[in-house]
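These notes concern the structure reproduced below.
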Amino acid sequence: MGTLERKFTLHVPSSTENLALIREFVTTIGKQAGLDDPEIGKLELAVDEACANVIEHAYGHDTSQEVIVRATFDADEVRIDVEDTGRGFDPKKVPSSEVEKLVAERKSGGLGMRLMRTLMDEVHYEIEPGKKNELHMVKRIRKKAD
Amino acid sequence: MGTLERKFTLHVPSSTENLALIREFVTTIGKQAGLDDPEIGKLELAVDEACANVIEHAYGHDTSQEVIVRATFDADEVRIDVEDTGRGFDPKKVPSSEVEKLVAERKSGGLGMRLMRTLMDEVHYEIEPGKKNELHMVKRIRKKAD
Amino acid sequence: MPNPFAIETSSEGDLSVIQLEGYLDAHTAPQFEQAIQAEVEAGRHRIIVDCEKLTYISSAGLGVFMSFIEEVREQGGDIKVCGLTPKVRQVFDILGFAEIFDICDARRGAVQRFSESPLREG
Amino acid sequence: MPNPFAIETSSEGDLSVIQLEGYLDAHTAPQFEQAIQAEVEAGRHRIIVDCEKLTYISSAGLGVFMSFIEEVREQGGDIKVCGLTPKVRQVFDILGFAEIFDICDARRGAVQRFSESPLREG
Ligand SMILES: Nc1ncnc2c1ncn2[C@@H]1O[C@H](COP(=O)(O)OP(=O)(O)O)[C@@H](O)[C@H]1O
Ligand SMILES: Nc1ncnc2c1ncn2[C@@H]1O[C@H](COP(=O)(O)OP(=O)(O)O)[C@@H](O)[C@H]1O
């Protein structure tokens, strides 16, 4: 192991049906990277949210499109890139509403990006609409107590 | 669904540790393709054998190398390509020993390619040593009784 | 896949119990939404969501809870949540859902809590 | 991953019982090999491999069975296999292992079979 970098890539059709596979993919990587269970759970959820957004918003449920998840880890961190060639958006223009407000407005959405930012150590988007949109996320590896 | 083709790709480091993920990948695809459980089991095992061979023989357990599994399916068949850039070999020169003979010789190996050929409807290799070795396998989809 | 999703609705007196099993994500959330919708449309607003067998939840699942709670409370009912495993509980906590929803350990507790606030006609 | 691999060796009188759980593939087969090796080196050649909880096997796992059976039989012992789930059984059958190995439904049956062929000194 040591500082050797490990790389994994998964391409799947843009369908929520494939979120379970994406989570298995990320969970395997989290384990191999040495994350503990709660941290693996966070990584899993953040990537699920990212990919669900691509499937729903970037591709509008067009299952002929492709979601790409790249993951690498070394001794220090797990890096995840989620790539799409869909619609794109300006993350700065997405309002970050309090949960109380969403509840009052009977919204069923608006929690995903908040979750990703809470769960991961770094989250940033590189958007080139019509070309390629990439979301980069990092989870740092805290050494296990044992 | 219909005749629309679905494509999936998985790249993982060449380590037996990743066989479980490869099996999840294939199992998901088999389910989506509409295979029944015994057929999914066969697909899963054939791809496991193919990738275990790449990890062991093509790359000699060098975990810095990459195993690539591509899968596509439509209404008629699931196609799997396993790709490596390792050593390569001549499949025709591999003796196909009877199990009785392997037992008598106390061998622990020599079952993999026989299994793959039994489990899949088509199996063929395209070997370009040092460049790219590809194993193509096909499982045809028999419509479920129900 | 390890555990697919299953949902089962039953009733205990005037309470509806929706039991979730497996993973609740963007793929399975629509089934949960339909299950709650069916109760609400039938005028059954006292709902327990039993999560004892729920192994995973994403924001799509939480969004279903979020979108119905106001309506149900307006009708004099509630959505009480019980049986959260640590993994699922963690997500409720991160989003501050613990302050909005009545979360009980076991189903018994949720039933008890409803009995303390008898049904008022909506 | 759904079910990792676990292996447990115990003894029932002069029989060794190796219980396999989860998946036996090229990654986990070396552990199984060590477990059988340990019994053989200790002169314990009457071995039951209980596969009741084994959910998956690949040729790497079957290879372990294959490589020890001759030696063990030479020593007057045997490797009897029990508890095969249909999925694992299918692989034994495809390879013709059912003709080579003594396969019993339950562990009881395997114990019974050994009692019918008492230990002869090697
Ligand atoms: N990958 C994406 N592509 C396009 N738009 C996105 C993407 N991710 C998020 N958005 C936009 O940001 C909004 C907020 O996203 P999020 O916080 O995940 O909540 P939700 O997905 O439930 O609406 C979405 O409604 C959508 O308009
Ligand atoms: N992908 C591969 N690359 C190089 N050599 C291979 C490959 N697959 C199989 N072989 C060769 O063919 C032989 C037989 O393979 P197989 O039937 O799977 O049995 P085993 O892997 O247990 O030896 C191997 O021992 C190896 O020499």
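Any value given below was found using the heavy atoms of this structure, including those in side chains, with hydrogens, waters and symmetry copies removed. Lettering follows sequence order; numbering is per chain, from 1.
- Proximity to chain C is absent for every atom of A:Ile55, based on heavy atoms less than 4.5 angstrom apart.
- C:Glu70 has its side chain out of reach of A:Glu105: every pair of non-hydrogen atoms, C-beta onward, lies at least 4.5 Å apart.
- Taking 4.5 Å as the limit, some side-chain heavy atom of C:Gln90 sits within range of a side-chain heavy atom of A:Pro38.
- For chain A, no part of C:Phe65 is nearby; none of its heavy atoms comes within less than 4.5 Å.
- The two residues A:Leu111 and C:Ser59 have their closest heavy-atom pair at CB-CB, 3.8 Å.
- No side-chain heavy atom of A:Thr16 sits less than 4.5 Å from a side-chain heavy atom of C:Asp25.
- Distance CE/C:Met66 to CG/A:Leu102: 4.5 Å, rounded to 0.5 Å.
- For C:Leu95, the parts lying near chain A are the backbone and the side chain together; criterion is any non-hydrogen pair under 4.5 Å.
- Geometrically, A:Arg23 engages C:Tyr56 in a cation-pi contact defined by less than 6.0 Å to the ring centre and at most 45° from the axis.
- Between C:Ser58 and A:Leu45, the closest side-chain pair of non-hydrogen atoms falls below 4.5 Å.
- For A:Asp62, the side-chain contact (heavy atoms from CB on, under 4.5 Å) partners at least two apart in sequence or on another chain are A:Ser64, A:Gln65.
- Interface residues of residues 79-89 of chain C toward chain A, defined by a heavy-atom distance below 4.5 Å and sorted by number: C:Lys87.
- Looking at A:Glu44, the atoms closer than 4.5 Å to chain C (heavy atoms on both sides) sit in the backbone and in the side chain alike.
- Within a 6.0 Å radius of CD in C:Glu12, other residues, nucleotides and ligands contribute more than 12 heavy atoms.
- The environment of A:Glu134 atom CD is dense: over 12 non-hydrogen atoms of other residues, nucleotides or ligands sit within 6.0 angstrom.
- A salt bridge links A:Arg106 to C:Glu74: one of the charged nitrogens lies within less than 4.0 Å of a carboxylate oxygen.
- For chain A, no part of C:Glu33 is nearby; none of its heavy atoms comes within less than 4.5 Å.
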